[in-house]
Amino acid sequence: MTTEQFIAGKAVEAVKALYGADFPQEQMQVGVTRKDFEGDYTLVVFPLLKTSRQAPAVTAQAIGEWLTANCPEISGFNAVQGFLNLSLSNIYWRENLQEITGNASFGQLPATGRRVMVEFSSPNTNKPLHLGHIRNNLLGDSVSRLLKAAGDEVIKATLVNDRGVHICKSMYAWEKLFDGATPESTGIKGDHLVGDCYVAYAKLEKEHPEVIDDVHKMLVQWEEGDPQVRKLWEMMNGWVFDGFEQTYKALGITFDRTYYEHDTYLLGKELVQKGLDMGVLVRDPDGSVWCDLTADGLDRKLLLRSDGTSVYMTQDLGTAERRFSEYELDSHVYVVGNEQDYHFKALKLVLKKLGFDWADQIYHLSYGMVELPEGKMKSREGTVVDADDLIEKMYQEAKATSEESGKLDGIPEDEKERLYHMIGLGALKYFILKVDPKKTMLFDPKESIDFNGNTGPFIQYTHARICSILRKASEAGKKAAVADAAVLSPKEIRLVKILSAYPQKVADAAAAYSPAIVANYAYDLAKEFNQYYHETQILKEPDATLLGMRLALIDTLAATLRKAMNVLGIDLPERM
RNA sequence: GGUUCCGUAGCUCAGCUGGAUAGAGCAACAGCCUUCUAAGCUGUGGGUCACGCGUUCGAAUCGCGUCGGAAUCACCA
């Protein structure tokens, strides 16, 4: 139970006692008191006026008096117009801290029994990953972690688009122009080499538009299983997979299940037949099959081409059906850019028409594009921010900053390397994840990602600071413990207040599929600690009870920071 | 043109299930390192929450409209 709920419950009792009426607890408005006013939580009494039939100030005064008289946890109040500011007793906060400190699974919400598949990344195998993919990957990974923290069972899945005309283009260019070049022979990472082929093809096609016919021939040969074409396809896909694998590893991302489009692209045709039998789909005279969504405000949607081949939508229908039945999913989250909003709307509607009630359990986590100062990234204009380059740049930045500070002097080289990666990646991940997923965000390559202020390294640094104090305390034989006699300062109460809000933040973030809520929470917590740090000498405290309480407090703070940042997939160092 | 999303400080973003005087960071300026890590802390300046109307005791938040931006409406994926 959160403190807000606790107070709301007490307020219900107060209204009952004072006015003899049952006021629904859900409608009680309790919030954290603004910092210019005295108090911890504020009850807004305006909604109660119809019940009390008295002026706001009078009602607030009456409820405040009742609460302080009848609830030992509530130690004081002041009423400003319709706002009843309540102070909770020191004992309440101390007990709160004791509860959190002793609870290793704090922040892990109880199991919901829901099984959820989260599909993300889903790259094409004709070019290397770029910044847009990074946002997709980080969001998918983080939302998976978030849902787990909120009690769901999560299966992380990806669908690799490894077939189609795009990969044939790269294959064609490689055969014609690359003289047998391999990642080994050139030293170029596989996905980049294939990407180079794709670029070379684009140039070639511009000069000789007729080559597209050869590419289409290649695609047909692929579909027929031509051994030569298949061999080339497997080889080049292999290069790309190896390259992607490295990038995923550098990002710290894994999947529980990988689907390949060459396995799934034929799925869905039976469903279309079923739809025709049910009469919810129509076949045009030319043989193409459509679903009429005009009644739902969309258009007619193609499901089978006139030659009987399937389109993207067709296989999405098939894979969704297969996944829901295979894994007995309760829900399926697709992490896909908002440019496909229309597609997912249509997908859900078609599934619904086919009689699948679980269509309502599909959630399209529609995220905004990452834009550059000059607008969208365009591969043709060479403005694409390459994922590998960016990760490397962040690492270099972290290394330079660390070396300049000299704080890592004297620790082993491999440990330093580990920290540079941790910090560089932390900066990148936080930069992406702190923004509300659904919003378009901006990345300026000229200004490198900051390490100061509201950033990943700031939170990592705060954690390292706490660890440093705890190390020194441990060396001095000081023990962390919250004794019943411990009295908390106002700043410490603020920290406990923020700490205790963490489980609710996880719940809110999961409900909104927004890691940004957790990111901003972690920042608030870290910022609050830094202020506390500057005004309180923790280790110098002579009183053993106070010292023990403070050590327990900052230990819990560090643990909660780790939990919150773990949801974002960011590791926190013990020194930096 | 239809549909959807977005518009908050010079810049990047919080706040949006209606609550008090709209918050951070960056950038600028002024301070704080013989005291637990200065990747930090403190302070100053910076706002017509795009605009208008409406609902309400109360609107950045909800509704309608206008302006501006983006996406989408393929026998592409």
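Quick caveat, the model's predicted, so the values are computed rather than measured. Numbers restart at 1 for each chain; the letters A, B, ... are given by sequence-line order, proteins then strands.
- Using a 4.0 Å heavy-atom distance criterion, Glu574(A) is classed as a base contact.
- Between Gln531(A) and Asn454(A), the one whose closest nucleotide on RNA chain B sits nearer the 5' end is Asn454(A).
- Phosphate proximity of G23(B) to Lys35(A): absent, as no side-chain N or O sits under 4.0 Å from OP1 or OP2.
- Residue Tyr342(A) places none of its side-chain N or O atoms closer than 4.0 Å to OP1 or OP2 of G2(B).
- Using a 4.0 Å heavy-atom distance criterion, Thr462(A) is classed as making no nucleic acid contact.
- Shown here, C67(B) forms a base pair with G7(B); the pair counts as Watson-Crick or G-U wobble because both key distances fall under 3.5 Å.
- Residue Met576(A) is in base contact, counting any heavy-atom pair closer than 4.0 Å across all strands shown.
- Residue Glu339(A) places no side-chain atom within donor-acceptor reach of the base of U72(B), judged by atom type and a 3.5 Å distance cut-off alone.
- Pair assignment for U56(B) gives none, since no Watson-Crick or G-U wobble pairing has each distance under 3.5 Å.
- In terms of polar N and O atoms assigned as donor or acceptor, the side chain of Asn85(A) comes within less than 3.5 Å of the base of A20(B) in a complementary pairing.
- Closest approach of Ala150(A) to Ala510(A), counting heavy atoms only: CB-CB, 3.5 Å.
- Nearest approach of Glu38(A) to Asn85(A), heavy atoms of both residues: O-CB, 3.2 Å.
- Between Trp233(A) and His262(A), the ring centre distance stays below 6.0 Å.
- Interatomic distance, CG of Leu349(A) versus CG of Asp292(A), reported as 11.0 Å (0.5 Å rounding).
- OP1 or OP2 of A14(B) sits under 4.0 Å from a side-chain N or O of Lys439(A).
- In this structure, Arg550(A) does not reach the C36(B) phosphate: none of its side-chain N or O atoms is under 4.0 Å from OP1 or OP2.
- A stacking contact between Phe458(A) and G40(B) is absent: the pair does not combine a ring-centre distance of less than 5.5 Å to the base's six-membered ring with planes differing by less than 30°.
- Base-pair partner of U61(B): not found among the strands shown (Watson-Crick or G-U wobble, both distances under 3.5 Å).
- When all heavy atoms of Ala516(A) and Lys434(A) are compared, the closest pair comes out as CB-O, 3.4 Å.
- Within 4.0 Å (heavy atoms only), Ile538(A) reaches at least one base atom of the nucleic acid.
- Both Leu84(A) and Ala516(A) lie near RNA chain B, and the one whose nearest nucleotide falls closer to the 5' end is Ala516(A).
- The partner of A14(B), taking Watson-Crick or G-U wobble pairs whose two distances both stay under 3.5 Å, does not exist in any strand shown.
- Residue Arg305(A) has a polar side-chain atom (N or O) positioned under 4.0 Å from OP1 or OP2 of A77(B).
- When both distances must be under 3.5 Å, the Watson-Crick or G-U wobble mate of C29(B) is G43(B).
- A sub-4.0 Å separation between OP1 or OP2 of G25(B) and a side-chain N or O of Lys527(A) is present.
- Residue Arg300(A) places no side-chain N or O under 4.0 Å from the OP1 or OP2 atom of C73(B).
- Within the structure, every side-chain polar atom (N or O) of Gln340(A) is placed at least 4.0 Å from both OP1 and OP2 of A77(B).
- Outside the 6.0 Å centre-distance limit, the rings of His364(A) and Tyr334(A) are not counted as a close aromatic pair.
- Straight-line distance from the CG atom of Asn126(A) to the C1' atom of C76(B): 13 Å, rounded to whole Å.
- A 3.5 Å limit on both hydrogen-bonding distances identifies no Watson-Crick or G-U partner for U21(B).
- Note on Thr536(A): a base of the nucleic acid sits closer than 4.0 angstrom, heavy atoms only.
- Contact annotation: side chain of Ser405(A) to base of A38(B), donor-acceptor pair absent below 3.5 Å.
- When heavy atoms are screened at a 4.0 angstrom cut-off, Ser402(A) is found touching base atoms of the nucleic acid.
- At G40(B), one or more side-chain N or O atoms of Asn452(A) fall inside 4.0 Å of OP1 or OP2 (strictly under the cut-off).
- Between G19(B) and Arg34(A), no contact under 4.0 Å exists linking OP1 or OP2 to a side-chain N or O.
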